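Heads up: numbering here begins at 1 and tracks the sequence. Predicted model, so just to flag it, every value in this text is computed and none were measured.
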Amino acid sequence: QVPLVESGGGLVQAGGSLRLSCAASGRTFSSYAMGWFRQAPGKEREFVAAINWSGDYTTYADSLKGRFTISRDTRKSTVYLQMNSLKPEDTAVYYCATRSGPIRIMAYDYGYWGQGTQVTVSS
């Protein structure tokens, strides 16, 4: 078990920024890849970004490159998602997830999930 707790969501105007945090417990956090996904109402869960265990490799959904940045602080067992220039279409519940091994972009490859945090972007 790797319990994950997301925070940092909220309501923001278009063009604004938010930083999501995902705190993990457990001594194995440093060896796990971490991912962010999101799910809008009526849509499937989609990949946002992922980072490897050491933090030196990241990957993003093509449509989000340049606006979103994923990072991790191993000392704090926390992964972050900095979201800039937010758009109404970014409105969704954002989930962090973790898996042992390398980065993957498919949700089914991740075994542990947080409860999600709501992000709402108003126009």
Practice task
Give a yes-or-no answer on whether the side chains of Asn84 and Ser17 include a donor-acceptor pair shorter than 3.5 Å.
Solution key: yes

Handout entry: Donor-acceptor contact present, side-chain Glu6 to main-chain Gly116, <3.5 Å
Key = yes

Fill in the blank from the handout: CG (Leu81) and CD1 (Ile51) are apart, to the nearest 0.5 Å, by 10.5 Å

Exercise for the section: Pick out which of Tyr32, Trp113, Trp53 makes a side-chain contact (heavy atoms from CB on, under 4.5 Å) with Thr98. Expected result: Tyr32

Handout entry: Sidechain-backbone polar pair: Arg104 side chain, Ala107 backbone, donor-acceptor under 3.5 Å
Key = no

Problem - Pair listing, disulfide (SG to SG under 2.5 Å) test, anchored in residues 70-123, at least two apart - result: Cys22-Cys96

Completion exercise
Nearest heavy-atom contact between Asp56 and Ser54 is OD1-OG, 2.7 Å

Fill in the blank from the handout: Rounding to 0.5 Å, atoms NZ (Lys87) and OG (Ser123) come to a distance of 14.0 Å

Practice task
Check whether any side-chain N or O of Arg99 sits under 3.5 Å from a backbone N or O of Asp109 as a donor-acceptor pair, and report yes or no.
Solution key: yes

For residues 57-67, dump all side-chain donor-acceptor pairs below 3.5 Å to protein atoms at least two apart in sequence or in another chain.
from, atom 1, to, atom 2, distance (Å)
Tyr60, OH, Ile70, N, 2.9
Asp62, OD1, Lys65, NZ, 3.3
Arg67, NH1, Ser85, O, 3.0
Arg67, NH1, Asp90, OD2, 2.8
Arg67, NH2, Asp90, OD1, 3.0
Arg67, NH2, Asp90, OD2, 3.3

Practice task
Compute the centroid of each ring, for Phe47 and then for Phe37, and state whether the two points are separated by less than 6.0 Å.
Solution key: yes

Problem - Closest approach of Gly8 to Leu18 (non-hydrogen atoms, all atoms of both residues) - result: O-CD2, 3.8 Å

Exercise for the section: Would you check if the side chain of Thr120 reaches a backbone N or O of Leu11 as a donor-acceptor pair within less than 3.5 Å? Expected result: no

Exercise for the section: For the pair Met34 and Leu4, evaluate side-chain contact (heavy atoms from CB on, under 4.5 Å) and give the outcome as yes or no after the intermediate values. Expected result: CA-CA 10 Å; Met34 302 293 295; Leu4 303 172; 4.1 Å; yes

Exercise for the section: Write out all pairs satisfying side chain to side chain donor-acceptor pair (under 3.5 Å) with one or both partners inside residues 42-51, taking only residues at least two apart or from two chains. Expected result: Arg38-Glu46, Gln39-Arg45

Fill in the blank from the handout: Nearest heavy-atom contact between Ser71 and Val79 is O-CG2, 3.0 Å

Problem - For the student: nearest non-hydrogen atoms of Tyr110 and Ala50, plus distance - result: OH-CB, 3.7 Å

Practice task
Could you pull out the closest heavy-atom pair between Tyr95 and Gly114, with the gap in Å?
Solution key: CD2-O, 3.6 Å

Exercise for the section: Report whether Val48 and Val12 are members of the same hydrophobic cluster (ILVMFWY, side-chain heavy atoms less than 4.5 Å apart, transitive linking). Expected result: yes

Practice task
State, to 0.1 Å, how close Val121 and Thr91 come at their nearest heavy-atom pair, and which atoms those are.
Solution key: N-OG1, 2.9 Å

